[in-house]
Amino acid sequence: MEMLRAVKYKLFVSTWNVGAITPPSNLNTLDDWLDTSNSYDIYVLGFQEIVPLSARNVLGPERKEVAMKWNSLIGATLNKSSGADQEEALHHHKVYPLKQGGGAVDHAEFSCIVSKQMVGILVSVWARKDLLGFIKTPCVSCVGCGIIGCLKNKGSVSVRFYLHEVSFCFVCCHLSSGEKEGDKRLRNLNLNDILSKTYFANNSSNNLPEKILDHNRVVLFGDLNYRISLPNAKTRSLIDQEEWKMLLGKDQDILYIKNL
């Protein structure tokens with residue numbers, strides 16, 4: 001009997017709250033952030049606040065030109081392009097965000113398989129071209145849980161796909177901020193909403209996972225806004241003393257995850 005050989009891939013997942021700052025014109029590479037000195041097979045990148053979270057941006061049409069600029073920079077960095085190549089990359093990215101379950105842009109070493117914006121949240125997923133034939137059923141799901149519990153100034157953009165026979169789900173979040181006890185409760189409610197409301201369209205004949213926790217591998221990342229539930233001075237003192245166990249015991253997100 002022929003034995004199946006295990007295949008290992010390197011996955012890079014990172015998040016960045018850019019504070020509503022559009023990429024400056026003199027920024028032409030993201031090498032330091034994307035750790036391009038190492039060889040990764042797939043990049044999953046999450047942004048928060050790519051535009052100001054104003055009423056105009058929350059209620060009005062999405063400013064897709066900002067997402068295009070970030071995608072152009074990512075493509076230029078991963079594919080070592082510059083100058084005219086970046087202009088070509090920007091032209092390619094006019095197709096984004098991809099439609100539900102959309103295809104890939106075929107250029108250079110890495111291609112974008114999914115790019116999706118929800119107000120200030122942007123998720124951009126890139127894979128090596130030789131992997132594209134093994135990545136199946138990409139799909140996105142957005143959940144707003146901001147003002148009045150549903151507007152999209154806060155919430156999540158989730159992306160799922162199959163790599164070979166393994167289902168992956170990446171959940172990029174921007175949760176409620178604030179340091180009061182009630183604010184922590186809001187963050188927990190945000191996550192509860194994200195887990196319960198995120199839904200991936202499914203053809204009944206293919207039996208694909210529809211909810212976040214139905215997938216084989218789940219990665220939750222983003223600006224979660226969780227704090228350490230201690231006064232600032234006490235927290236700094238414990239850091240100086242390297243009391244990591246005590247600090248972890250007061251870490252709000254760890255306490256939430258334990259209660260899932």
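Hydrogens, waters and symmetry mates play no part in the numbers below; they use all other heavy atoms, side chains included.
- Shown here are the side-chain contact (heavy atoms from CB on, under 4.5 Å) partners of C145, two or more places apart in sequence or in another chain: N190, D193, I194.
- Under the 3.5 Å distance criterion, with hydrogens and angles disregarded, a donor-acceptor pair is assigned to the side chains of E49 and N17.
- Rounding to the nearest 0.5 Å places OG of S124 at 6.0 Å from CG of L45.
- Remark: of the listed residues V119, L122, V123, V123 is the sole one forming a side chain to side chain contact (heavy atoms under 4.5 Å, CB included) with V157.
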Handout entry: Working for side chain to side chain contact (heavy atoms under 4.5 Å, CB included), residues I42 and L163
Key = CA-CA 10 Å; I42 297 175; L163 176 59; 4.0 Å; yes

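- To the nearest 0.5 Å, atom CG of residue L247 and atom CG of residue L238 are 5.0 Å apart.
- Closest approach of A127 and L132 over heavy atoms only: CB-CD2, 4.2 Å.
- D31 places a side-chain heavy atom less than 4.5 Å from the side chain of K80.
- Taken from OG1 in T198 to NZ in K211, the straight-line distance is 6.5 Å, to the nearest 0.5 Å.
- Following chains of ILVMFWY side-chain contacts shorter than 4.5 Å, one can reach V166 starting from V114, so the two form part of one hydrophobic cluster.
- A side chain to side chain contact (heavy atoms under 4.5 Å, CB included) with V51 is found for exactly one of V66, I21, V58, namely V66.
- L248 and L230 fall into different hydrophobic clusters, where Ile, Leu, Val, Met, Phe, Trp and Tyr are joined by side-chain heavy atoms under 4.5 Å apart, directly or via other members.
- Screening residues 42-66 for ring-ring contact (aromatic ring centres under 6.0 Å, His included), with sequence neighbours left out, gives F12-Y43, W33-F47, Y40-Y43, Y43-F110, F47-W70.
- The distance between the ring centers of F170 and H215 does not fall below 6.0 angstrom.
- Across all their heavy atoms, I121 and C172 have their closest contact at CG2-SG, 4.0 Å.
- Taking the side chain as every heavy atom from C-beta outward, L191 and L220 approach each other to under 4.5 Å.
- Counting only residues at least two apart or on different chains, the side chain to side chain donor-acceptor pair (under 3.5 Å) pairs with a member in residues 232-241 are N232-R236, S237-Q241.
- Under the 4.5 Å side-chain contact rule for hydrophobic residues, V13 and I113 share a cluster.
- Salt bridge absent: E62 and K64 never bring a charged side-chain N and a carboxylate O closer than 4.0 Å.
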Handout entry: Steps toward side chain to side chain contact (heavy atoms under 4.5 Å, CB included) verdict (L30, L27)
Key = CA-CA 8 Å; L30 298 171; L27 179 63; 4.2 Å; yes

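- In this structure, N57 contributes its side chain and P52 its backbone to a donor-acceptor pair below 3.5 Å.
- Atom CD in Q48 sits 10.0 Å away from atom CD1 in I50 (nearest 0.5 Å).
- Residue pairs that meet the side chain to side chain donor-acceptor pair (under 3.5 Å) test with at least one member in residues 149-166, sequence neighbours left out, are Y9-H164.
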Practice task
Begin from the C-alpha positions of C173 and D223 and carry the test side chain to side chain contact (heavy atoms under 4.5 Å, CB included) through to its verdict.
Solution key: CA-CA 6 Å; C173 305; D223 185 353; over 6 Å; no

Exercise for the section: Apply side chain to side chain contact (heavy atoms under 4.5 Å, CB included) to V44 and V159, showing your working. Expected result: CA-CA 9 Å; V44 181; V159 175; over 6 Å; no

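- Residues S167 and N216 bring a donor and an acceptor atom of their side chains to less than 3.5 Å of each other.
- In this structure, CG in L73 is found 9.5 Å from CG in L34, a value given to the nearest 0.5 Å.
- Residues satisfying the salt bridge (Lys or Arg N to Asp or Glu O under 4.0 Å) test with K180, not counting sequence neighbours, are D183.
- L224 and I228 are members of different hydrophobic clusters when ILVMFWY side chains are connected at heavy-atom separations under 4.5 Å.
- Note that CH2 of W126 and SG of C112 are 5.0 Å apart. Values are rounded to the nearest 0.5 Å.
- Evaluation of the side-chain hydrogen bond (donor to acceptor under 3.5 Å, both in side chains) rule for K10 yields no partner, not counting sequence neighbours.
- For the side-chain hydrogen bond (donor to acceptor under 3.5 Å, both in side chains) with Q252, the qualifying choice from K184, R187, R227 is R187, the only one to do so.
- Side chains of V125 and S115 form no contact here, defined as non-hydrogen atoms less than 4.5 Å apart.
- Listed here is the closest heavy atom pair of S14 and F221: O-CE1, 3.6 Å.
- Side-chain atoms of T22 and P24, non-hydrogen and from C-beta on, never get closer than 4.5 Å to each other.
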